[in-house]
Amino acid sequence: MADDGREESLGTDDDSDQTGADGSLNNTMVEEGSTLMRRMEICVAEAEKRSGKNAVSMQETYTVYLIETRPMDAVAEGRNPAPDCLWRRYSEFELLRNYLIVTYPYIVVPPLPEKRAEFVWHKLSADNMDPDFVERRRVGLENFLLRVASHPVLSNDKILYYFLTEEHGWKEAVYETGFQAKADSRLRALSATFRVRNPDKCFMEMKHYSDELQSHTSQLLRARAMLRCEAYCLYLCAHPCIHCSEWSAIEKEMGDGLQSAGHHMDAYAASIDDILEEEEHYADQLKEYLFYAEALRAVCRKHELTQFELEMASQDLISKKQQREELATGIVRTFSLKGMTNKLFGQEAPEQREARLKLLEDLIAEGEETVKEKTIERAEHVEKAWVDIQRFKEQKDKDLREALINYAVMQISMCKKGIQVWSNAKECFLKM
Amino acid sequence: MSISAPRGLASSGQKPITEILHPLSAAEEPLSPGPDVTVSGGRDKEVGLTNGTPVETPSPASASVLFNRLHLDDDLDPDTRDPYADTETHDLFVTVDDPKKHVSTMETYITYRVSTKTSRIEFDLPEYSVRRRYQDFDWLRTKLEDSQPTHLIPPLPEKFVMKGVVDRFSEEFVETRMKALDKFLKRIADHPVLSFNPHLNAFLSAKDLNKRQGLALLTKVGESVKSVAGGYKLRVRPPEFCALGEYLDTFNQKLGTIDRIAQRILKEQSEYLTELREYGTVYASWAGSEEELQRPLEGMAGCVTTCCGALEDMSENMSQDFLPVLREYILYIESMKNVLRKRDQSQAEYEGRLEAAVLRKQEDRTPIPAEVEKCQDKMECFNADLKADWERWQSNKRQDFKQLLTGMADKNVTYYEKCQAAWESLITVLQDKQTEDKTSETN
């Protein structure tokens, strides 16, 4: 598979269209020149409600999403074959992601759209069945797949491929990989964070940055939700001129002017809804990076863990070597129960000593192997993770800049509408 | 004698002069127009003695002044002297400005400079500049109401302000009040009858307004209107005044609604502004932790701040220009209703007396007393004045609201233009970096 980098060989609608129907794809993904993306056109086309019995035999309703794939060369050649498709529900996406996180701990794995609707300002309860929410989730899931499929490392994964192509039997395949056993326990990870002595400085900075990113994006989302709330109230207040139509009824001369102005105001108030809808998309982009911050932090934590394990292994080796030395020379440097009992109850027999020495030697040999492994593990992780972190940084800078531009464009169009409405209203007033 | 009926009395039809002129003027011999005063026919004229003009107890100065005016009336083109014509005949200009704080042991208060420019001969000098405080304006208004009960007196801005809630000496409050006082005087100066009121003259020209002594100008009309005996109940209001009354009620309601909405909007705008500022701050603090994105995020923060400023300007306009005018018209309606009530009373009195007189006539042939006819004249004066003022008020209202609404539209357009400019310049910044990146990539 020729991997020649950046050209837009992916035809059709979901590549360089930055504000396409899903609005999610952008240039960074296309330009990465990943293998899967080049072979396959992927999209999450629909969402549907299903009912069924769950694991505890209770009736439940859930939503499934239709994933459609088509071979890229067919599309490029202009043939338009029917896409292959299968249905997946959110929990299966979650399973896929968990698998990826465990299997590639040095990769900043793209996040999924939120499980439950949060940062919702205008709904009393977050309803997962709400059609708007489902639609935005659909877009988010597609975005996830596209990001994963265009990642230089992740896109090669077999499980990912099966996810997209094998409706049944995929779950079994995932479990068969035994990834769950490889997963680091939370406790271990947390303990590492607290007890690690010499984590790499760059990773620590990166971890700190991920905290900042998370804090800022969430602050921004909250501030934005408040702002929307206020903006809605403001327009709902009905500008005095919207009452012009009532007023105009009792005025003889001013009537017509007031009434036509009132019409313009009404139209403006109606258009606000559309604008607020568009702005929701900006929030989605922010949310993606809010969750991305989490993924970044996970990679940094993994580093802490590998470092910690290396430190532990080294520490263990050192102490074992020390024990051997003591045993060999008879000089007790450190306090040990054995030493104490020896002093109190006399030395042990030479055969016992030999046996213990032999055991120690074996343990030391093992320990040295472990240290070697851990060193390699740590080094590999550092190397690969750093590459992906750089990639992530570039992607983030580009995406967020895009998002800001689109936001500004949207604001401008809002301003233009406002100018138009008020200019029209002014015309009406002048005729009064 | 062929002075044609002043226009105001059109509804009462043509009548001989003795009945047309102010009842009072008939008694004031020296001041009734002599037979040698002729007026070219056709056009109505403001003669110094038309209904409603208070006439002083005869004094040489005023008599000659009035007389002179009558002669002047002859010379001038009747059209230009039409009292109800618009601004063409403007010969009295007043302005209120320059607020100053005065601190004395007893109290602290604000005075305003009242400047007058005029070519009218009722005034000794062509220009005046005096300082007046709110109390003085209030005095003027009361005097006008008392001496011109058949006319609509413009409202003053509210007298009482809750000391704890509103700062009487804040720039904003003083500015708003001053504009309202300016409007008040201008309306009076524009009024064909009120502008000739001697109290106004005193207000504009006297060095010290000696209010306690005052000019004992309560005219007989004023007195008689005030002392309308109770017990006369109005039976039927003429239809045009019914319509007026209904309009006042509905309009009052509408204004009240609009005022409430406008207040609500101001409150929401201020809350929105707070949230917007917070929003901008978040961008600024985020910029601190980014490298590549620092400038874009700072740009966003700056843009949001600009929008905040623009919004603040617009809110200011709403509260300083829009709301005061609404308030003024609400107050106007109050005073209109008062005048309407007094008119009703005078009609009631007339009808009551007439009825009594008719009965007596039937009984013992006593003729209808002059009293009754005086009442009729009074009522008709009232009707005419009120109608005329009502027309003027309608026309002023239309002008005022047109100006107000177009002003509001302008301010809104400016707000959006400012915001648009800010966002557009931000895009340039953001996109510049993009093209920089692209060129560096291809290199």
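Here the structure is a predicted model, which is why all the values come from computation and not from measurement. Proteins come first, then strands; the chains are lettered A, B, ... in the order of their sequence lines, and each starts at number 1.
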To the nearest 0.5 Å, how far apart are [atom1] in [X] and [atom2] in [Y]?
| X | Y | atom1 | atom2 | value |
| --- | --- | --- | --- | --- |
| Gln411(A) | Cys419(B) | CD | SG | 8.0 Å |
| Tyr279(B) | Leu227(A) | OH | CG | 6.5 Å |
| Leu276(B) | Met226(A) | CG | CE | 12.5 Å |
| Ile427(B) | Leu404(A) | CD1 | CG | 10.5 Å |
| Glu292(B) | Glu394(A) | CD | CD | 9.0 Å |
| Glu424(B) | Lys416(A) | CD | NZ | 6.0 Å |

Practice problem: Report, as yes or no, whether the 6.0 Å neighbourhood of atom CD on Glu205(A) holds more than 12 heavy atoms from other residues, nucleotides or ligands. | Solution: yes

Quiz item: Has Lys207(A) got more than 12 heavy atoms of other residues, nucleotides or ligands less than 6.0 Å from its NZ?
Solution: yes

Exercise. Return the orientation label for the His216(A) and Trp286(B) ring planes: parallel under 30°, perpendicular over 60°, tilted otherwise.
Key: parallel

Quiz prompt | Residue among Lys417(A), His208(A), Lys393(A), Lys396(A) with most heavy-atom pairs under 4.5 Å to chain B | solution = Lys396(A)

Practice problem: Identify which of Ser215(A), Cys428(A), Ala223(A), Ser413(A) forms the greatest number of heavy-atom pairs closer than 4.5 Å to chain B. | Solution: Ala223(A)

Self-check item: Centroid-centroid distance, Trp422(A) to Tyr415(B), less than 6.0 Å
Solution: no

Exercise. Could you walk me through whether Trp423(B) and Tyr407(A) pass the side chain to side chain contact (heavy atoms under 4.5 Å, CB included) test, one step at a time?
Key: CA-CA 9 Å; Trp423(B) 290 109; Tyr407(A) 184 79; 3.6 Å; yes

Exercise. For Asp410(B) and Lys426(A), work out which heavy atoms get closest and say how close.
Key: OD1-NZ, 2.7 Å

Quiz item: Relative to chain A, which of Cys307(B), Ser289(B), Gly407(B), Gly288(B) shows the most heavy atom pairs under 4.5 Å?
Solution: Ser289(B)

Quiz item: What residue, out of Met300(B), Arg260(B), Gln253(B), Glu291(B), has the most heavy-atom pairs lying under 4.5 Å from chain A?
Solution: Met300(B)

Quiz item: What part of Val409(A) is in contact with chain B, defined as an atom under 4.5 angstrom from a non-hydrogen atom: side chain, backbone, both or neither?
Solution: both

Quiz item: Is Glu278(B) salt-bridged to Arg224(A), cutoff N-O under 4.0 Å?
Solution: no

Quiz prompt | Donor-acceptor contact present, side-chain Lys402(B) to main-chain Leu430(A), <3.5 Å | solution = yes

Quiz item: Yes or no on side chain to side chain contact (heavy atoms under 4.5 Å, CB included) for Glu290(B) and Asp397(A), after CA distance, side-chain angles and deciding distance?
Solution: CA-CA 9 Å; Glu290(B) 293 286 342; Asp397(A) 287 341; 4.1 Å; yes

